[in-house]
Colleague: 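Here you go, one structure.
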Amino acid sequence: MSEKYVVEHFSFENKAVYERAQMEARLVGTMRKKYKLTNGKIALKVYQKALEEEVFMTAVGHSFLRELRIIALKTNALPEEELPEIPIRTGDGGGQNPSGGSTAPAGYSPGRLRELSRFERLYEGQRLLNRKLKFVLAALVVLVIAIIVIDFKSEYSVFTYFTDYKAKMEEELIQKYEGWEKELKAREDALDQSP
């Protein structure tokens, strides 16, 4: 018995198609958050753009397109005669399931799957790289802040090192000479008092 994959009440036997359906489900969720799809004009624009760019290829995406189509029709955004239908492309025989249907959804040829997976890998690689770069940037910011805090709390900071160091050395030298002067004065006084 083959493993089944489920996305939004749709069952898939092909893992690549399942992963595509998951991606489409995430995209649908993003669109629902980003756009007010109850507005017929917005739903119509999203519907037309999705059809034009062939964004959806699985049952998950097709059910979303159907929902957008119904909203556009109910709100009279466009007459039904002018509203394009949802195209369902038949696969090129990339495997049959036990019920006789293709395991790949409409529009899924092996070449198309390779192309999609290549772009998905590139996208995931870029997301991972972006995440790493954000982490490195945050670490650098924390490091710079830590260096500045430590620098201000130390006796000799980068900002005041030369001025404070020079002043402290001069002060130590003056105290040393004053100490010698007092010692010399004390010896002179001792010599003057002795017969």
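Note that the structure is predicted; figures quoted are calculated from it, not measured.
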Colleague: Give the C-alpha distance, both sets of side-chain angles, the deciding distance and a yes or no for side-chain contact (heavy atoms from CB on, under 4.5 Å) between Q22 and V60.
Modeller: CA-CA 8 Å; Q22 282 184 315; V60 173; over 6 Å; no
Colleague: Is there a path of hydrophobic side-chain contacts, each under 4.5 Å between heavy atoms of I/L/V/M/F/W/Y residues, joining M31 to I70?
Modeller: no
Colleague: With the 4.5 Å side-chain cut-off for hydrophobic clustering, are Y35 and F64 part of the same group?
Modeller: yes
Colleague: Would I71 end up clustered with L44 when hydrophobic side chains under 4.5 Å apart are linked, directly or stepwise?
Modeller: no
Colleague: Whether the Q193 and D189 side chains hold a donor-acceptor pair (N or O, under 3.5 Å, no angle test) is what I'd like checked.
Modeller: no
Colleague: Hey, could you give me each pair passing side-chain hydrogen bond (donor to acceptor under 3.5 Å, both in side chains) that has a residue in residues 71-81? Not counting sequence neighbours.
Modeller: none
Colleague: I need the L137 CG to N130 CG distance, nearest 0.5 Å.
Modeller: 11.5 Å
Colleague: Do V7 and F12 come within less than 4.5 Å of each other through their side chains, counting heavy atoms only?
Modeller: yes
Colleague: Does a side-chain heavy-atom distance below 4.5 Å link M23 with E19?
Modeller: no
Colleague: Indicate yes or no: at least one non-hydrogen side-chain atom of F56 is less than 4.5 angstrom from one of V28.
Modeller: yes
Colleague: At their closest point, which heavy atom of L73 faces which heavy atom of P79, and how far apart are they?
Modeller: CD2-C, 4.4 Å
Colleague: Are V144 and I148 packed together at the side-chain level, in the sense that at least one heavy-atom pair is separated by less than 4.5 angstrom?
Modeller: yes
Colleague: Does E85 pair with R66 as a salt bridge, N-O distance under 4.0 Å?
Modeller: no
Colleague: Roughly how far apart are K36 NZ and K41 NZ, rounded to 0.5 Å?
Modeller: 13.0 Å
Colleague: Okay, side chain of E24, backbone of M57: is any donor-acceptor separation there less than 3.5 Å?
Modeller: yes
Colleague: Out of curiosity, K34 NZ to R32 CZ, how far, rounded to the nearest 0.5 Å?
Modeller: 15.5 Å
Colleague: Can you give the donor-acceptor pairs under 3.5 Å from side chains of residues 176-188 to other protein atoms, not counting sequence neighbours?
Modeller:
residue	atom	partner	partner atom	Å
E183	OE2	R187	NH2	3.2

Colleague: Nearest heavy-atom pair of L68 and L37: which atoms, and what distance?
Modeller: CD2-CD2, 3.9 Å
Colleague: Of all the heavy-atom pairs spanning P84 and L51, show the shortest one and how long it is.
Modeller: CG-CD1, 3.9 Å
Colleague: Tell me the closest heavy-atom pair linking G40 and A77, and the distance in Å.
Modeller: O-CB, 3.6 Å
Colleague: Would you call S11 and Y18 a side-chain contact if the rule is heavy atoms closer than 4.5 Å?
Modeller: no
